[in-house]
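See structure below.
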Amino acid sequence: MSLLFGALLRQPFINMPKFKGQKFALIDCNNFYASCERVFEPKLEREPIVVLSNNDGCIIARSNEAKSLGIKMGVPYYQMKDLMISKSVVVKSSNYPLYGDMSSRVMKVISQYSPIQEVYSIDESFLDLSGFTINLNTYMQTLKNQVKSWTGIPVCVGMGSTKVRAKLANRIAKIYPRFNGVFDIDNLPIERFEKLLDSFEVVDIWGVGNKSAQKLQQIGINSAYDFYKADIGIIETLLGVNGKRIYRELYGYSCLAIEEIGPIRKQIVSSRSFGLDLSDFDEINQALTSLTRKAVNRLNQKSLAATSMSVFIYTNPFKRDISRISLSKTVGMITPISDERVLIPLCSKLLKQIYEPGYKFYKGGVMLGSLTTDKSQQDLFMASNKTQSLHKHPYGKLLRYASELGNERWLPRSDFQSSRFTTDWSEILSV
DNA sequence: TCTGGGGTCCTAGGACCC
DNA sequence: TCTGGGGTCCTAGGACCC
């Protein structure tokens, strides 16, 4: 008995069978922001709709009608403006509180269909349907109809033995009306599965972005099918462990698990395009101050405190003809801080250290990191131990420095100086 | 002339996602 | 003229230690 057990242990991954009965469903809202706008303005039902990002800069959502007019995702508004006026496209500025509220209603309905749910994003949710013996297609049709009738939001469901396969299945459910919004990719015979992969580009695979696709194309991997048939070693060389995971997921070996636990936020970022180029220190400082205030508000809403802070500014990356620069600085803190009377001056100190005159800065922001819920030293130790491998927060080192310096309050996160910036200790310690 | 190597920690930046 | 914002994870390479 123990011999057998030992033998099994020794080769756990050799010829490992596909996980029997494992099944994920991905429920994805159709054109979510545009659909939300429709719920509150039903007369827009058949109209082409576009939703714009902050400052009305980019197009971030389109209804099907807008898509078929050739309006692309992420394109600057001004480039499409004329077309949209001529086609009487309805243009909306984004309304995030509305979308957030609609999202939680949708997620609540979905949660009724499995004990294991992962809310993946504002408009997407995974369900674990492993071991369900009912007809999953019918079951998910019911879910789809219920979400629609209870919230007004249309969704599509993709199913597969891994997340990557479920994601692909969802795209198929969206593209081909004959599946009525629900598609299970595991039911396909292998030849049809491969044919299907051939109809997708490699960049359509979840986890393969533009940069990776370019690398792959250089060695002749263009379609999802090419990727599927490629050597796993080549994929790992080009794309690293992520590429390998995606590759295995495509074959039905689950590498990405459902993550149910509500995400414990690890950082809070507040950043913004300034709207116009800023060169003057005081102007940038003013912009960052208000961003810090925003970040701190979010921190306090969640009753968290930060043990590191980063400040960054950079020039316009879209302008090729000007010299580009990206400046940032991070410090770690001995005590978790959630007080804006401390964080705002700290932001200014950091900005002062990285600021260089003569550049036109386009965007900037602050990041509060290594968040913790508990403000006591002892618990910080524990939290730090737990997150160290994830965030590599140099906590032990900081504490050593702190004791050498008589428990001062601020310490630079790096070894006094990182890259080209030297840390001015007197500045930092005087906050 | 020839100047170790394994391990850890850290930062900056890349890539991806929505 | 006008190009979002908020996240996560991974990796290359430097610094350091023994």
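The structure displayed is predicted, hence computed values, not measured ones. So you know, we letter chains A, B, ... as the sequences are listed, proteins then strands, and number each from 1.
The A/Tyr78 side chain lies nearest to C/dC2 when the options are C/dG7, C/dC9, C/dC2. Of the listed nucleotides (C/dG5, B/dC16, C/dT3), C/dG5 has the atom at the smallest distance from the side chain of A/Arg272. Considering only side-chain atoms of A/Lys294, the nucleotide from C/dG7, B/dC18, C/dG6 that sits closest is C/dG6. Side-chain atoms of A/Val241 lie closest to C/dT11 of the nucleotides C/dG7, C/dG5, C/dT11. Distance from the side chain of A/Val269 is smallest to C/dG7 among C/dG7, C/dC9, B/dC18. Each of C/dC9, C/dG5, B/dA15 was ranked by its minimum atom distance to the side chain of A/Lys266; first place goes to C/dC9. Each of C/dG4, C/dG7, B/dC18 was ranked by its minimum atom distance to the side chain of A/Arg298; first place goes to C/dG7. Closest to the A/Ser53 side chain, of the nucleotides C/dG4, C/dG7, C/dT11, is C/dG4.
Residue-level contact check: A/Lys363 touches the backbone only, with heavy atoms under 4.0 Å from sugar-phosphate atoms and none from bases. Residue-level contact check: A/Gln79 touches neither bases nor backbone, having no heavy atom under 4.0 Å from any strand. Within the 4.0 angstrom heavy-atom criterion, no nucleotide atom of any strand lies near A/Leu239. In this structure, A/Asp123 reaches the sugar-phosphate backbone alone: every heavy-atom distance under 4.0 Å involves primed, P, OP1 or OP2 atoms, never a base. Using a 4.0 Å heavy-atom criterion, one finds that A/Phe32 contacts no nucleic acid atom at all. Nucleic acid contact class of A/Asn210 (heavy atoms, under 4.0 Å, all strands): sugar-phosphate only. A/Tyr120 comes within 4.0 angstrom of sugar-phosphate atoms only, judged by non-hydrogen atoms across all strands, and of no base. As judged by a 4.0 angstrom heavy-atom cut-off over every strand, A/Ser94 is placed among residues making no nucleic acid contact. Residue contacts shown for A/Val208 are limited to sugar-phosphate atoms, with no base heavy atom under 4.0 Å away.
With a 3.5 Å ceiling on both atom-pair distances, the Watson-Crick or G-U wobble partner of B/dA15 is C/dT8.
The ring of A/Tyr225 has its center no closer than 6.0 angstrom to the ring center of A/Phe200. You'll find the ring centres of A/Trp206 and A/Tyr120 inside the 6.0 Å limit. The distance between the ring centers of A/Tyr247 and A/Tyr228 does not fall below 6.0 angstrom. For A/Tyr362 and A/Phe274, the ring centers sit 6.0 Å or farther from each other.
Side chains of A/Gln22 and A/Ser161: a donor-acceptor N/O pair is absent below 3.5 angstrom, by distance only. Side chains of A/Ser114 and A/Asp128: a donor-acceptor N/O pair is absent below 3.5 angstrom, by distance only.
Two residues, A/Ser271 and A/Phe318, neighbour DNA chain C, and the one matched to the more 5' nucleotide by heavy-atom proximity is A/Phe318. Of the residues near DNA chain C, A/Pro76 and A/Asn242, the one whose nearest nucleotide (by heavy atom distance) lies more toward the 5' end is A/Pro76.
C/dG14 and B/dG4: their P atoms are spaced 16 Å apart (whole Å).
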